[in-house]
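Let me begin by presenting the structure, written as structure tokens, before commenting on it.
Reckoned from all heavy atoms, side chains included, excluding hydrogens, waters and symmetry mates. Only a predicted model underlies this, so the values are computations on that prediction, with no experimental measurement involved. Here, residue 1 is the first one in the sequence, and each next residue gets the next number.
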Amino acid sequence: MSNMNITGKIESIIKPVLDAGGFELVDIEYKREGQSMVLRLYIDKEGGITLDDCATISHELSNILDIEDIISGQYTLEVSSPGLNRPLKKIADYERYIGEFIKIRTFEMLSDDSGNKRKTFLGNLLSISDGLVKVHLKEGHDASIPFEKIAKANLEFEF
């Protein structure tokens, strides 16, 4: 079974547990690190995540994943907060963080509204509508980035 299928199945199993506890699943990673496989879950909730939250969810989900037996072989389960540089994956993430400072990397070179071609856009998230993410760039002008062209996006901490 591919990693994509595994993460999809894991999400469908753990999401109801997280939802019931008031937690949001931000991201799932299942990958090889060194000699072993790691299943990493990033969770969040209103007001932020504590170490106790991570430990509690880790214990609950570990039992469920053992019973469901989706992953053959050994793996390490890690549960953590998304941190200061929280990834933006879903349209709802962009809607939630309008006004925040973000970094977007695109799959290909795109032009900002001034005609400058780039793959990295750094600035304040203005809006998302009709499949376009609008950002007021650090340089002072805007960019409209098609959602499907975004390879990676995350909140950025401003110094």
Side-chain angles (χ1 to χ4, degrees), residues 1-107 119-129 131 133-138 145-159:
M1 185 181 306
S2 76
N3 286 359
M4 199 66 137
N5 290 340
I6 288 173
T7 57
K9 285 188 177 195
I10 290 169
E11 181 173 356
S12 67
I13 290 168
I14 66 173
K15 194 161 176 356
V17 175
L18 294 173
D19 289 347
F23 295 95
E24 171 194 2
L25 179 63
V26 175
D27 200 8
I28 298 178
E29 294 176 349
Y30 180 63
K31 61 185 179 180
R32 179 166 302 286
E33 289 187 359
Q35 297 293 324
S36 59
M37 295 300 289
V38 175
L39 174 61
R40 191 169 289 120
L41 309 174
Y42 295 96
I43 61 172
D44 204 358
K45 72 175 183 183
E46 191 71 35
I49 292 294
T50 67
L51 191 55
D52 286 341
D53 291 332
C54 292
T56 300
I57 293 297
S58 178
H59 181 73
E60 283 182 44
L61 295 182
S62 180
N63 291 336
I64 292 168
L65 292 171
D66 285 347
I67 291 167
E68 294 292 332
D69 199 28
I70 295 170
I71 301 173
S72 60
Q74 292 189 324
Y75 66 94
T76 301
L77 173 63
E78 293 180 6
V79 178
S80 68
S81 92
L84 289 175
N85 292 35
R86 177 196 170 109
L88 304 175
K89 298 268 185 177
K90 305 171 281 235
I91 288 176
D93 294 336
Y94 290 86
E95 291 168 342
R96 181 176 176 187
Y97 291 104
I98 287 175
E100 297 294 328
F101 195 68
I102 67 169
K103 181 180 197 175
I104 295 176
R105 289 195 182 105
T106 57
F107 290 111
K119 286 180 82 171
T120 302
F121 299 82
L122 192 62
N124 289 87
L125 177 59
L126 295 175
S127 66
I128 180 163
S129 64
V133 177
K134 194 157 183 98
V135 179
H136 182 69
L137 300 173
K138 202 172 177 181
I145 306 154
F147 183 74
E148 73 273 1
K149 304 270 183 178
I150 297 174
K152 184 178 179 184
N154 56 277
L155 295 177
E156 277 292 306
F157 184 73
E158 268 188 289
F159 293 98

* Asked: Of the options D53, I14, L41, which is the one that meets F23 in a side chain to side chain contact (heavy atoms under 4.5 Å, CB included)?
  -> D53

* Which heavy atom in I104 sits nearest to a heavy atom in A153, and how many Å separate them? -> CG1-CB, 3.9 Å

* Could you tell me which non-hydrogen atom of S127 sits nearest to which non-hydrogen atom of I98, and how far apart they are? => CA-CD1, 4.1 Å

* To do: Identify the two heavy atoms, one from Y30 and one from T7, that lie closest to each other, and give their separation to 0.1 Å.
  => CB-CG2, 3.8 Å

* Asked: Between L39 and I28, does a side-chain contact (heavy atoms from CB on, under 4.5 Å) hold up when you go through it step by step?
  -> CA-CA 7 Å; L39 174 61; I28 298 178; 3.8 Å; yes

* To do: Show the numbers, then the answer: is there a side-chain contact (heavy atoms from CB on, under 4.5 Å) between T120 and K103?
  => CA-CA 7 Å; T120 302; K103 181 180 197 175; 3.8 Å; yes

* Structure fact -> Heavy-atom closest pair (I145 atom, F121 atom, distance to 0.1 Å) is CD1-CG, 3.6 Å

* For residues F157 and N85, report the shortest heavy-atom separation together with the two atoms involved. => N-OD1, 4.3 Å

* Asked: Where do K90 and L25 come nearest, in terms of heavy atoms and distance?
  -> NZ-O, 3.4 Å

* Quick check: are there more than 12 heavy atoms from other residues, nucleotides or ligands sitting under 6.0 Å from NZ of K149? -> no

* Atom pair CG (D44) and CZ (R96), whose distance is rounded to the nearest 0.5 Å -> 5.5 Å

* Asked: Passes salt bridge (Lys or Arg N to Asp or Glu O under 4.0 Å), K89 versus E11? Steps please.
  -> CA-CA 14 Å; K89 298 268 185 177; E11 181 173 356; over 6 Å; no

* Would you indicate whether Q74, at its atom CD, is surrounded by more than 12 heavy atoms from other residues, nucleotides or ligands within a distance under 6.0 Å? => no

* side-chain contact (heavy atoms from CB on, under 4.5 Å) between M37 and I71, intermediate numbers included -> CA-CA 10 Å; M37 295 300 289; I71 301 173; over 6 Å; no

* To do: Find the distance between CD (E100) and CG (D93) and round it off to the nearest 0.5 Å.
  => 12.5 Å

* Asked: Are any side-chain N or O atoms of N63 and backbone N or O atoms of E60, one a donor and one an acceptor, separated by less than 3.5 Å?
  -> no

* To do: Nearest 0.5 Å please: distance from the CD1 atom of I43 over to the CG atom of L18.
  => 6.0 Å

* Spatial distance of atom CD1 (I91) from atom CD1 (I128) [nearest 0.5 Å] -> 4.5 Å

* **Verdict with reasoning, Y75 to L65, per side-chain contact (heavy atoms from CB on, under 4.5 Å)** => CA-CA 11 Å; Y75 66 94; L65 292 171; 3.5 Å; yes

* With rounding to the nearest 0.5 Å, note down the distance linking CG in N124 to CD in E156. => 11.5 Å

* Asked: Quick one: are Y42 and S80 in side-chain contact, heavy atoms under 4.5 Å?
  -> yes

* To do: Any chance you could measure I49, atom CD1, to I57, atom CD1, to the nearest 0.5 Å?
  => 7.5 Å

